[in-house]
Each structure stands twice: as structure tokens, then as C-alpha cells.
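See below for the structure under consideration.
Remember, it's 1-based here, ligands and their atoms both numbered in the order they're listed.
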Amino acid sequence: MAAANLHKDTVVYQIYPRSYMDTNGDGIGDIQGIISKLDYLADLGINTIWFSPLYKSPDDDNGYDIADYKSIDPKFGTMEEFDCLLAEAKKRGIGIVMDLVINHTSDEHEWFKRALAGEEKYRNYYIIRKGKNGRLPNNWGNFFAECPWSKFGGEDSDEYYLHLFSKKQPDLNWHNPDVLEEVKDIMRFWLEKGVVGFRCDVINIIYKDSLENGKPSPILTGMEHYLSTEGCHKILRTLHDEVLEPYGAFTVGETVFVDVFKARDLIDEKRRELDMIFYFEHMETDQVIVKWFKTQLKPQKLMKCLTKWQHSLDWCAVYFENHDQPRFISRFIDIKGYRKEASKMMAGLLMTLCGTPFMYEGQEIGMTNCDFKDLTEVMDIESHNVYKMAKSLHIPENIRWKMIKRTSRDNARTPMQWDSSENAGFTTGTPWLKVNGNYKTVNVAADMADPDGVRAFWKQMIAMRKNDEILREGQFRSCLESKSVYAFKRVLNGKELLSVCNMTGKSVPVPEKIKGWDNMVISSYKDCEKDVLKPFEFRLMKRG
Ligand code: ISL
Ligand code: CA
């Protein structure tokens with residue numbers, strides 16, 4: 001459990017290191033690049049940075065396939081540079097959160113190589129089974145739309161290993177106590193350096209209860225055998241009590257397919273497991289069954305979902321963007337012409353909901369989905385796999401591409417747009433992933449020079465959130481979820497604030513229900529009007 005309220009008082013900024021800032025011209029963001037932007041981040045007001053994996057990795061899944069947990073990948077820099085980054089961040093009052101990916105390793109991890117070489121100890125680190133009468137060990141599905149079983153040790157082998165993600169991400173065997181010991185050791189390695197916490201990748205699926213066949217499901221066959229199992233809860237308690245608590249470090253778990261009940265079990269303070277979780281339901285309010293089939297985002301559905309989670313959990317992580325999600329403002333249908341307004345509204349919403357706000361690089365300047373032309377511009381393994389699968393299902397090419405373009409994780413992974421020079425000032429070389437075509441107008445330098453800029457409003461909202469105890473600690477009370485307007489209260493010791501978001505590109509009259517709130521704390525428009533909410537306007541109100 002985190003020391004005092006460390007995790008509750010902070011605003012977190014996620015960095016996807018390969019896309020942040022490149023300093024040596026190889027087209028890949030690096031640690032020196034991040035160091036060069038620490039003043040920028042301190043000025044924005046954030047006080048924690050979460051890094052997507054910096055560890056040695058063959059990059060089948062951009063670092064989420066880890067080959068050495070106690071190393072820094074040379075493409076990012078050295079361990080000395082990382083130590084310097086930690087120290088420089090600390091000087092600016094910024095703590096570091098590392099990504100802990102322990103459902104699987106890379107197949108290029110020493111453990112997997114030794115397992116392949118026949119060492120019994122390491123075979124038992126993974127989930128290896130014989131096929132059944134010439135068939136796969138079970139009927140499970142895979143997160144990346146591939147087969148979750150691959151031959152262990154060459155085509156002639158009769159054994160398979162389990163991988164819920166790519167073939168190069170073999171799942172660890174959490175029934176083996178040695179795996180737990182290894183992970184404790186890895187966590188202590190980073191805690192000793194002074195990191196303040198971990199973001200725990202797909203943490204609620206690590207412990208597989210059984211490998212029996214699953215109930216056939218269009219989403220993910222087999223998940224009932226590994227979602228939030230008792231074994232997983234027990235591991236989380238051990239890591240909490242034995243490793244995290246002594247350091248006062250906090251955790252945020254990425255928890256897939258959780259409902260509010262499962263979520264409560266994972267963050268109930270008495271159970272001593274995780275400090276907060278990322279749930280997904282609000283990110284799915286524009287999807288049909290699977291994320292690849294997107295419909296129009298209906299603001300009211302989003303509002304109702306947010307309210308449900310705000311009412312159901314005492315504390316949670318709040319986010320609208322990360323490296324797996326298309327840019328949020330691009331999901332609004334009437335975004336055209338209102339990019340800046342929508343981004344400011346999201347700043348207001350994120351900083352006034354109850355919970356720890358997590359923002360993602362580029363969100364502070366209103367970066368949008370990318371203008372990818374075709375699949376050759378997309379790098380993400382998940383996108384390529386899904387495209388292939390859609391082809392095998394005879395989904396026509398134009399629809400297939402539309403799905404990928406709109407939903408691909410690469411939409412969030414394009415290089416950070418710093419200025420209007422070539423490659424948006426991200427690199428002097430060839431960027432590893434295309435720079436969004438809108439960089440000439442959407443970039444940090446232009447935004448900061450714009451009197452109407454987006455970042456200044458984010459900065460203002462971050463400061464407000466950090467300095468106002470009602471926004472930090474107040475209880476959430478829903479007030480209005482109309483087709484266009486979301487309004488909710490934050491309440492602390494009899495004091496109240498009202499947060500109001502117009503989630504459409506149309507002006508709407510101020511709803512009757514909130515007319516009693518006549519004292520404006522802040523609006524995202526300089527020329528706001530008393531009785532009208534302008535397109536995507538955000539307001540914070542007091543009474544009297
Ligand atoms: O992408 C998703 C939601 O739209 C989910 O399927 C889920 O976030 C994801 O697949 C799990 O993500 C995490 O683990 C993966 C890695 O590829 C992601 O980048 C990471 O965030 C495997 O480690
Ligand atoms: Ca570089």
C-alpha cells in the first residue's frame with residue numbers, strides 16, 4: 001500500500017519512450033530525449049511519469065515482450081542514463097512508475113532459452129503441454145487474434161507453449177513459486193533505485209486455474225479459467241505485503257474484462273492487493289462486441305458508464321488515453337473544427353473526476369488519430385494480426401482497412417509533435433513510425449504560442465486539481481447525464497463544486513438542473529456566456 005496518499009495526490013503522465021524525443025537520430029525516442037523534456041513536464045505540473053517498457057526487448061510488441069527485466073534496452077540508452085533520469089526527475093519533484101509485465105516474457109528471455117535447451121527448472125517457468133490426439137491442448141482464444149499455442153522446440157515437437165499474446169510472448173507459469181521469487185527480486189531491483197510504483201500489465205490474468213477447454217465466446221474463449229482467479233489474488237497480496245509495502249510504493253493494475261465487483265475485490269484496502277486499477281468499460285462505449293467494430297460514440301452512454309464506475313469504487317485510476325487506445329477526441333463524431341475545444345473539455349473532465357488522473361503524451365496538445373494511408377504505414381502486431389484474421393473471414397478490403405485505421409493502437413503511438421520542423425522536431429532521422437500529417441499545425445511550439453492554446457488549459461486544470469482539496473478528495477455525486485451535457489458534483493465537508501461538460505459540437509442552453517450554480521470558477525472559453533454552453537465547453541462552478 002502506498003505511503004499515506006502518495007497515489008491519490010498525484011497527476012500521472014504516461015510516456016511511450018520510443019515516440020517521445022529522439023536525440024541521436026536513429027528515429028527512436030530515448031532516455032536523453034526524455035531528460036531534455038523534464039522541464040517541459042515539470043512546467044505542465046505533472047508529478048509522476050509512467051514509462052512504457054524501457055527494458056531489453058526484441059520489440060515484437062514494442063517492449064511488452066521483455067528479454068531482460070533488469071536492463072535498459074540500448075536503443076533507449078544505458079542504465080547510467082536511466083539513473084540520471086530518475087535523479088533529474090526527482091529534483092523536479094517527479095516520481096517514476098515502471099511498467100511491470102509479468103504475465104509473459106519474451107521468447108528471447110534467458111529463461112525461455114534455457115527451457116528450450118531442456119533445463120527442467122526453466123521449462124517449469126512456462127506453460128508447456130502436449131497436444132491432444134494431434135490437436136491443440138485446448139480451445140482458448142488469443143488477445144492478438146492468433147493461435148495461443150505454438151510448438152515448443154520446432155515443428156516436429158509434440159509439445160506446445162501457451163501465449164495469450166504474440167508467439168514471442170510465452171506466458172509464465174504462476175503455479176511455480178520460483179516465478180514469484182524471480183518477480184519479487186525484479187521489483188526490488190527497481191524499488192532500490194527509487195521508483196515509486198508499478199503499472200502492472202494485464203495483471204488479473206496471470207494465474208491460470210486450469211487449462212480445460214473454455215466456453216466458446218466471440219470475445220476470448222477460455223478467459224473464465226484465468227480472469228481474477230484466487231491464485232492471482234493471493235500473488236498480489238504477497239507482492240503487496242512483502243515487496244511493495246516496505247518501500248511505500250504504489251500499484252495501478254491494468255485489469256482486462258473487470259466488472260465493478262471484480263474491480264472492488266482487487267482494490268479493497270482490507271485485501272491489500274492493488275492500489276488502483278484501469279478498467280475498460282468507458283473505452284468500450286463506442287464498440288460492438290469487440291473493439292474493432294466501432295460505432296459512433298454516444299456521449300450519454302459514456303457519461304452513464306463513468307458515473308457507474310465513479311459511484312461503485314472508492315478510488316480508481318481515471319484515463320481516456322494510453323498507448324493501446326486510439327486518441328479519445330477523435331472518437332467524437334462532431335469533432336471537426338473543435339479539436340482544441342474538445343481537448344480542453346477532456347482536460348476539465350479528467351482533472352475533476354474522482355480518482356488519480358492518468359494522462360498520455362500528446363494529450364496536452366490535443367493530438368489526434370493519425371492519417372495512415374494503408375497497412376504498410378502501421379507497425380503494430382495486433383493491427384496486422386487482426387487485418388489477417390478479417391481477411392480470412394472474407395471481410396472486404398475497404399472495410400478491413402477502415403477498421404484498422406480507426407482502431408489501431410498506432411494512432412496513439414505516432415511521434416510526439418514538438419514543433420513544425422521536419423518530423424515534428426521528434427527526430428533528425430527517419431522516425432520508427434510515421435509522424436501524424438497534422439504536425440505543422442498541431443505541435444507543442446504552435447500550441448504554446450497560441451493565446452487560445454490547449455496546453456495552457458491542461459496546465460491550469462492540473463494545477464487546480466492538485467491545489468483544491470475538493471477536487472482531490474471530494475466524493476463524486478452525479479447530477480446530469482443528458483444527450484449532450486454531463487454534470488457532476490464533488491463534495492467535501494459540506495463544500496461542493498460542479499463540473500460541467502458539453503460533449504457535443506453544438507451550443508446548448510445551460511440545463512435547468514444546474515442553473516442554481518451561478519459562480520464560475522473556470523471555463524474552457526474566454527468568452528463564455530452565462531446561459532449557453534458553447535461547443536465542447538467545460539465549466540467548473542460554485543454556488544453563490
Ligand atoms: O488493447 C486493449 C484494449 O483496447 C486490450 O486488449 C488490452 O489493453 C491489451 O491487450 C493488454 O494490454 C497490455 O498488454 C499487452 C500489450 O501489448 C499492451 O500494450 C499492454 O498495454 C501485452 O503485454
Ligand atoms: Ca534515439
**Request:** Would you mind running through ligand 1 and noting each atom that sits below 4.0 Å from a heavy atom of Asp324?
**Result:** 1 (O), 8 (O), 12 (O), 13 (C), 18 (C), 19 (O), 20 (C), 21 (O)
**Request:** Answer with yes or no after comparing the ring centroid distance for Tyr226 and Trp174 against a 6.0 Å cut-off, counting only values under it.
**Result:** no
**Asp39: salt bridge (charged side-chain N to carboxylate O under 4.0 Å, His left out) partners, not counting sequence neighbours** = Arg92
**Request:** Select the closest option to atom 3 (C) of ligand 1 among His104, Gln325, His323, judged by heavy-atom distance.
**Result:** Gln325
**Donor-acceptor under 3.5 Å (Ser408 side chain, Lys405 main chain)** = no
**Item:** Atoms in ligand 1 with a heavy atom of Val202 nearer than 4.0 Å
**Value:** 11 (C), 14 (O)
**Prompt:** Of all the atoms in ligand 1, which lie at a distance below 4.0 Å from a heavy atom belonging to Asp61?
**Reply:** 15 (C), 16 (C), 17 (O), 22 (C), 23 (O)
**Prompt:** Among protein heavy atoms, which sits nearest to atom 7 (C) of ligand 1, and what does the distance come to when rounded to 0.1 Å?
**Reply:** Glu254 OE2, 3.7 Å
**Prompt:** With a 4.0 Å heavy-atom cut-off (strictly under), which part of Glu284 contacts ligand 1: side chain, backbone, both or neither?
**Reply:** neither
**Prompt:** What about Glu382: any of its N or O atoms under 3.5 Å from an N or O on ligand 1?
**Reply:** no
**Request:** Output, in order, the C-alpha distance, side-chain angles, deciding distance and verdict of side chain to side chain contact (heavy atoms under 4.5 Å, CB included) for Tyr69 and Met187.
**Result:** CA-CA 9 Å; Tyr69 288 89; Met187 290 170 78; over 6 Å; no
**Message:** Side chains of Arg271 and His233: any donor to acceptor distance under 3.5 Å?
**Reply:** yes
**Request:** Could you check whether the rings of His323 and Tyr16 sit parallel, tilted or perpendicular, using 30° and 60° as the cut-offs?
**Result:** parallel
**Fill in**
Atoms of type N, O or S from the protein that sit nearer than 3.0 Å to the Ca ion (ligand 2) number exactly 5
**Request:** Not counting sequence neighbours, which residues clear side-chain contact (heavy atoms from CB on, under 4.5 Å) with Lys193? List them please.
**Result:** Met79, Phe82, Asp83, Leu86, Phe189, Trp190
**Item:** Per-atom contacts of ligand 1 with Arg413, taking only distances under 4.0 Å to non-hydrogen atoms
**Value:** 19 (O)
**Request:** Can you sort out the partners of Arg188 under salt bridge (charged side-chain N to carboxylate O under 4.0 Å, His left out), two or more places apart, ordered by chain and number?
**Result:** none
**Request:** Could you verify whether a donor N or O on one side chain and an acceptor N or O on the other, from Gln169 and Asp61, lie under 3.5 Å apart?
**Result:** yes
**Prompt:** What atoms of ligand 1 come within less than 4.0 Å of a heavy atom belonging to Arg409?
**Reply:** 16 (C), 17 (O), 18 (C), 19 (O)
**Message:** Ring of Trp418, cation from Lys37 - is the NZ or CZ under 6.0 Å from the centre and inside 45° of the axis?
**Reply:** yes
**Complete:** Restricting to heavy atoms, the pick from Phe144, Phe278, Phe143, Tyr16 nearest atom 6 (O) of ligand 1 would be Phe143
**Option with minimal heavy-atom separation from atom 23 (O) of ligand 1, where the choices are Asn322, Asp60, Asn103, Asp201** = Asp201
**Request:** Taking Asn385 for its side chain and Ala145 for its backbone only, find out whether a donor-acceptor pair lies under 3.5 Å.
**Result:** no
**Complete:** Looking only at protein heavy atoms, what sits closest to atom 2 (C) of ligand 1 is Lys291 NZ, 3.7 Å
**Message:** Students often mix this up, so state it plainly: with edges at 30° and 60°, are the rings of Phe143 and Phe165 parallel, tilted or perpendicular?
**Reply:** parallel
**Prompt:** Going by the angle between their ring planes, with limits at 30° and 60°, are Trp111 and His109 parallel, tilted or perpendicular?
**Reply:** tilted
**Message:** Quick test of your reading of the structure: of Trp292, Phe165, Phe280, whose heavy atom lies closest to atom 5 (C) of ligand 1?
**Reply:** Phe280
**Prompt:** With a 4.0 Å cut-off on heavy atoms, is Gln287 touching ligand 1?
**Reply:** no
